[in-house]
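Report on the following structure.
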Amino acid sequence: MRNVVKQYQTRHGEVTVLDHVNLIIRHGEKIGILGRNGSGKSTMIRLISGGEQPTSGSIERSMSVSWPLAFSGAFQGTLTGLDNLRFICRIYGVNANSRIEYVQDFSELGKYLYEPVKTYSSGMRARLAFAISMAVDFDCFLIDEIIAVGDSRFHERCQRELFEKRKEKAMIIVSHDIQNIREQCERFCVVHEGKLFQFFNIDIAYNFYKDNC
């Protein structure tokens, strides 16, 4: 991210959510991002994923980047879960047939994998999205606070699948859970008033977050 600015038009005028933000993430690096609600954390994740475009500045990607994990807004509701899997695999150049068994097993959707996604509950959509995210071999995973889908057993499966089996992958983790970021990350950022502050010590980052956000 180079001098990235993101602005939105509102009834009260133009609002700057991110103001000349710079960030570099390298292969295998894990970065944790803290910030209060509405600070721009999720906006930043969407920009990195390509789901939104910056108002100004540039974002360059030298590795494949996931969509925000468990984000299901891109699903086509009239298609089945299986058809959505095929469509997404086609976009990313992945052989869908080689991923079907994995997604069936991990999502635990059973017969609903063959039903339109518009009939799914929010939890079912999230499980499908997470399973498809794991089925595509990204270099960098974007994790936006919402991987705790389903019951505690399924949540533990998600944690193991992501943080243990893919520990060599780069990750950007947005979370209010300081312990999760402490355990998984080596670099830490705080989004505050549109600016991105970077730290290499979690305690210093968290104290800055508590004192200023």
Side-chain angles (χ1 to χ4, degrees), residues 1 17-18 21-49 51 63-73 102 106-108 122-213:
M1 302 181 76
V17 178
L18 297 174
V21 167
N22 292 278
L23 178 68
I24 295 174
I25 180 168
R26 297 170 179 84
H27 286 269
E29 192 172 22
K30 315 261 185 317
I31 297 178
I33 301 179
L34 296 166
R36 64 174 176 78
N37 289 337
S39 64
K41 305 186 303 298
S42 294
T43 297
M44 188 170 154
I45 288 289
R46 290 195 300 272
L47 289 170
I48 294 171
S49 74
M63 52 185 164
S64 60
V65 180
S66 78
W67 55 85
L69 292 202
F71 175 73
S72 52
Y102 173 84
F106 196 89
S107 67
E108 300 178 344
S122 59
M124 292 165 68
R125 290 169 68 98
R127 292 207 306 275
L128 177 64
F130 190 90
I132 294 176
S133 298
M134 296 296 99
V136 180
D137 190 27
F138 294 108
D139 297 317
C140 179
F141 287 93
L142 306 178
I143 306 164
D144 192 7
E145 190 82 73
I146 193 173
I147 61 170
V149 295
D151 56 24
S152 59
R153 180 190 60 81
F154 190 81
H155 175 54
E156 288 174 6
R157 284 188 71 194
C158 292
Q159 296 284 107
R160 186 165 57 252
E161 193 74 18
L162 184 61
F163 296 124
E164 293 181 19
K165 294 185 179 180
R166 290 163 180 78
K167 60 185 178 181
E168 79 283 359
K169 304 293 187 179
M171 296 180 189
I172 300 178
I173 303 173
V174 170
S175 180
H176 289 99
D177 184 350
I178 188 65
Q179 189 59 34
N180 197 22
I181 285 182
R182 184 189 298 276
E183 290 175 357
Q184 307 299 340
C185 300
E186 59 215 36
R187 187 148 58 99
F188 315 95
C189 299
V190 178
V191 181
H192 177 57
E193 295 183 346
K195 302 292 187 182
L196 187 71
F197 299 86
Q198 302 189 48
F199 306 87
F200 286 93
N201 181 287
I202 184 57
D203 294 318
I204 295 174
Y206 190 56
N207 286 335
F208 178 89
Y209 168 68
K210 289 192 299 181
D211 293 343
N212 295 279
C213 300

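For Trp67 and Phe138, the gap between ring centers is short of 6.0 Å. For Phe199 and Phe208, the gap between ring centers is short of 6.0 Å.
One finds the CD atom of Gln184 at 8.0 Å from the CD1 atom of Ile143 (value rounded to the nearest 0.5 Å). Met171 CE to Lys167 NZ: the interatomic distance, rounded to the nearest 0.5 Å, is 11.0 Å. From Arg187, atom CZ reaches atom CG of Leu23 across 5.5 Å, with rounding to the nearest 0.5 Å. To the nearest 0.5 Å, atom CG of residue Asp137 and atom OG of residue Ser64 are 7.0 Å apart. The distance from the NZ atom of Lys210 to the OH atom of Tyr206 is 5.5 Å, given to the nearest 0.5 Å. Annotation: the span from Tyr209 atom OH to Cys189 atom SG amounts to 14.0 Å, rounded to 0.5 Å.
Ser133 is not listed as a side-chain neighbour of Ser66, based on a closest heavy-atom distance of 4.5 Å or more. Using a 4.5 Å cut-off on side-chain heavy atoms (C-beta onward), Leu47 and Leu18 make contact.
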Hey, mind stepping through Arg36 and Glu193 against salt bridge (charged side-chain N to carboxylate O under 4.0 Å, His left out) and telling me if it holds?
-> CA-CA 10 Å; Arg36 64 174 176 78; Glu193 295 183 346; over 6 Å; no
Walk me through it: do Leu162 and Leu69 pass the test side-chain contact (heavy atoms from CB on, under 4.5 Å)?
-> CA-CA 10 Å; Leu162 184 61; Leu69 292 202; 3.8 Å; yes
Checking side-chain contact (heavy atoms from CB on, under 4.5 Å) for the pair Asn201/Phe188: CA distance, chi angles, key distance, verdict?
-> CA-CA 7 Å; Asn201 181 287; Phe188 315 95; 5.7 Å; no
Give the C-alpha distance, both sets of side-chain angles, the deciding distance and a yes or no for side-chain contact (heavy atoms from CB on, under 4.5 Å) between Ile178 and Ile202.
-> CA-CA 9 Å; Ile178 188 65; Ile202 184 57; 3.4 Å; yes
Could you walk me through whether Leu142 and Cys140 pass the side-chain contact (heavy atoms from CB on, under 4.5 Å) check?
-> CA-CA 7 Å; Leu142 306 178; Cys140 179; 4.3 Å; yes
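Summarising the local packing, NZ of Lys195 is surrounded by more than 12 heavy atoms from other residues, nucleotides or ligands at distances under 6.0 Å.
Of all heavy-atom pairs spanning Gly194 and Val21, the tightest one is O-CG2, 3.6 Å. In terms of heavy atoms, Lys41 sits closest to Leu34 at CD-C, 3.6 Å. Cys213 and Val191 make their closest contact through SG-O, 4.2 Å (heavy atoms, listed as atom of the first residue, atom of the second, distance). Across Leu196 and Met44, no two heavy atoms sit closer than the pair CD2-CE, 3.8 Å. Between Gly28 and Glu186, the shortest heavy-atom distance links the atoms O-OE2, 4.3 Å. Pairing each heavy atom of Ile48 with each of Val65, the nearest pair is O-CG1, 4.0 Å.
Annotation: salt bridge (charged side-chain N to carboxylate O under 4.0 Å, His left out) contacts of Glu161 (sequence neighbours excluded): Lys165, Arg166. By the side-chain contact (heavy atoms from CB on, under 4.5 Å) test, Gln179 is found to be paired with Asp177, Arg182, Glu183, residues two or more places apart in sequence or in another chain being considered.
Salt-bridge check for Glu29 with Lys169: failed, with every basic side-chain N at 4.0 Å or more from each acidic carboxylate O.
Ser175 and Asn180 are not linked by any side-chain donor-acceptor pair at a separation below 3.5 angstrom, with hydrogens and angles left out of the test. Side chains of Thr43 and Arg46: a donor on one and an acceptor on the other come within 3.5 Å.
Geometrically, Arg157 engages Phe106 in a cation-pi contact, judged by NZ or CZ lying under 6.0 Å from the ring centre and within 45° of the ring axis.
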